[in-house]
**Student:** 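Have a look at this one.
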There are 2 protein chains.
Amino acid sequence: MAQTEGAEKAGTRAEMREETERQILDAAEVVFAEAGFGGATMQAIADACGLPKANLHYYFSSKEKLYRQVVERIFTIWLEAADSFETEAAPEVALRRYISRKMQLSREHRYGSKVWASEVMHGAPIVQDYLETTLRTWTETRIAVIRRWIDAGAIRPVDPRWLLYMIWATTQHYADFAHQIEVLNHGALSDAQWTEATDTVCGIILRGIGLNGGRTGP
Amino acid sequence: MAQTEGAEKAGTRAEMREETERQILDAAEVVFAEAGFGGATMQAIADACGLPKANLHYYFSSKEKLYRQVVERIFTIWLEAADSFETEAAPEVALRRYISRKMQLSREHRYGSKVWASEVMHGAPIVQDYLETTLRTWTETRIAVIRRWIDAGAIRPVDPRWLLYMIWATTQHYADFAHQIEVLNHGALSDAQWTEATDTVCGIILRGIGLNGGRTGP
DNA sequence: AATAACCTTGACTGATTGGTCAGGTCTGCT
DNA sequence: AGCAGACCTGACCAATCAGTCAAGGTTATT
């Protein structure tokens, strides 16, 4: 009974193991996001997913290993979203889609975003290599794309780096500073507000680099 | 000798106490920023300012009290910078000055910004009341100012909230994600890069809300 | 049914950490 | 000089936490 816990359907051994690991990772993501790596305790994570602490150590040999897997999972999701920055599309289309996707991610993966932010803020002790390899490569290809747009006169000449940082900062702010935003908003953002915020962010950035990004005419 | 430590000039008792407290707060700011509240240890802070741990407890009764003072000091600096958003100036002047000031703050108070970000990310357990009073009031007055600009047709109609969040996010990103930026940049940003980033951020945002914010013509 | 492999868990441990305290030192004042 | 009050600190707790372990339970396979 203990193994076929709750409402989950029993599957093969491998499926059940995967399911349990996912539950632990989900709980760990929230706890790490809310307390930071140092402030999080294995007991708190165990409580959050209703498992005894010793069981966590059966699936993840150490707190650091568990944390590493949480961060790696976030990075994977980030990478998938990064693909929505299509290098072949027109700047207006590519940027609008990328910004929208990142806003959606901030809404759906608030805790993941916070863990990533926390990790980078603390000097990326775990994911330093990702920054130097995957992220750097991705960034350089996108910088090249933006440069081409500039050379073609499609957008105003701005250093692509500052533009990318602006997009990352603005979109991730809605996850990382969600608490502050919700205090100022007297509650969580509504569907309409998320849409409006996304449109506004797209509008300002696109218009800011010389595109007629707004919904209404110039 | 222990009391007239290092190169500091001896002053009155009160001055020396203030000086020591400042040293501790400076060290604590860095340690809290780099390790988070939970990951920071009093011993690490003590080492960072070259004082025995017991001495820290003489000046600050508990880790939480020390942390609170660090956060309060940051909030004060933030408030002073917030004054550079002059409510009487033209939108282009007010916004450009405010953004520039915030960029400068990100450069000069990286650790403070990180502590604030961390505090808010974890649900503002210490500064919740500041968010609900001071920050909310400040934000509401600036929203009113921006609304007036919109009504006067000075800037395009955008919800002032999303604009403010964009400014906060973008400027603070240069402090909170400094590590990531420096990895991608292969080193710290130069004076010229800071100036260029500031100009670009100002340019995109001002242009994005319908002002001719760039240095060059339209 | 027997067996081996896998999973679960309460109880335990060594190490770390926030905080305390007694006894010492220094400073300013009379 | 002598005293009171402020300051300093090594040594010391009690609590907490990551990680261990042995014993028991469950499942798949033959």
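On a predicted model such as this, the values are computed, not experimentally measured, just so you know. Basis for what follows: all heavy atoms, side chains included, without hydrogens, waters or symmetry-related copies. Numbers restart at 1 for each chain; the letters A, B, ... are given by sequence-line order, proteins then strands.
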**Student:** Tell me what F60(B) touches on the nucleic acid: a base, only sugar-phosphate, or nothing, going by heavy atoms under 4.0 Å.
**Tutor:**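 The residue F60(B) makes no contact with any strand.
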
**Student:** Can you pull out every salt bridge (Lys or Arg N to Asp or Glu O under 4.0 Å) where at least one residue sits in residues 22-50 of chain A? Sequence neighbours excluded, please.
**Tutor:** E19(A)-R22(A), R22(A)-D26(A), D26(A)-R73(A), E29(A)-R73(A)

**Student:** Sugar-phosphate means primed atoms, P, OP1 and OP2; the rest is base. With that split, encode nucleotides 16-23 of chain D 5' to 3' as B, S or - using protein heavy atoms under 4.0 Å.
**Tutor:** -SBBBB--

**Student:** How many whole angstroms separate atom CG of L56(A) from atom C1' of dG10(C)?
**Tutor:** 15 Å

**Student:** Quick one: Y58(A) OH to dG24(D) P, roughly how many Å, whole number?
**Tutor:**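 The distance from OH of Y58(A) to P of dG24(D) comes to 18 Å, rounded to the nearest Å.
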
**Student:** Holding to salt bridge (charged side-chain N to carboxylate O under 4.0 Å, His left out), I want the full list of residues that pass it with E86(A), two or more places apart in sequence or in another chain.
**Tutor:**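 Partners of E86(A) by the salt bridge (charged side-chain N to carboxylate O under 4.0 Å, His left out) criterion, ordered by chain and then number, come out as R97(A).
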
**Student:** What's the OH-C1' distance between Y59(B) and dT20(C), to the nearest Å?
**Tutor:**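 To the nearest whole Å, that distance equals 18 Å.
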
**Student:** Write out all pairs satisfying ring-ring contact (aromatic ring centres under 6.0 Å, His included) with one or both partners inside residues 59-79 of chain B, taking only residues at least two apart or from two chains.
**Tutor:**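 For residues 59-79 of chain B, and leaving out neighbouring residues, the ring-ring contact (aromatic ring centres under 6.0 Å, His included) pairs sorted by first residue read F32(B)-Y67(B), F37(B)-Y67(B), F75(B)-W78(B), F75(B)-W116(B), F75(B)-Y130(B), W78(B)-W138(B).
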
**Student:** Just how large is the angle between the end axes of the helix from dA1(C)-dT30(D) to dT30(C)-dA1(D), five pairs per end, to 10 degrees?
**Tutor:** 10°

**Student:** Taking only residues two or more places apart in sequence, or in another chain, which ones meet E72(A) in a salt bridge (charged side-chain N to carboxylate O under 4.0 Å, His left out)?
**Tutor:** none

**Student:** R17(A) has an atom CZ; how far is it from atom C1' of dT27(D), in whole Å?
**Tutor:**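 Checked: the CZ to C1' distance equals 15 Å.
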
**Student:** Heavy-atom count check: over 12 atoms from other residues, nucleotides or ligands less than 6.0 Å from E21(B) CD?
**Tutor:** yes

**Student:** Applying salt bridge (charged side-chain N to carboxylate O under 4.0 Å, His left out), name anything that partners D129(A), two or more places apart in sequence or on another chain.
**Tutor:**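 Result, salt bridge (charged side-chain N to carboxylate O under 4.0 Å, His left out) vs D129(A): none returned.
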
**Student:** Got a sec, which residues hit side-chain hydrogen bond (donor to acceptor under 3.5 Å, both in side chains) with S113(A), two or more places apart in sequence or on another chain?
**Tutor:** D176(A)

**Student:** Over how many whole Å does the gap from L66(B) atom CG to dG18(C) atom P extend?
**Tutor:**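 L66(B) atom CG is separated from dG18(C) atom P by 11 Å.
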
**Student:** From CG of N55(A) over to P of dG25(D), roughly how many Å is that when rounded to an integer?
**Tutor:** 16 Å

**Student:** Got a sec, which residues hit salt bridge (charged side-chain N to carboxylate O under 4.0 Å, His left out) with R110(A), two or more places apart in sequence or on another chain?
**Tutor:** E182(A)

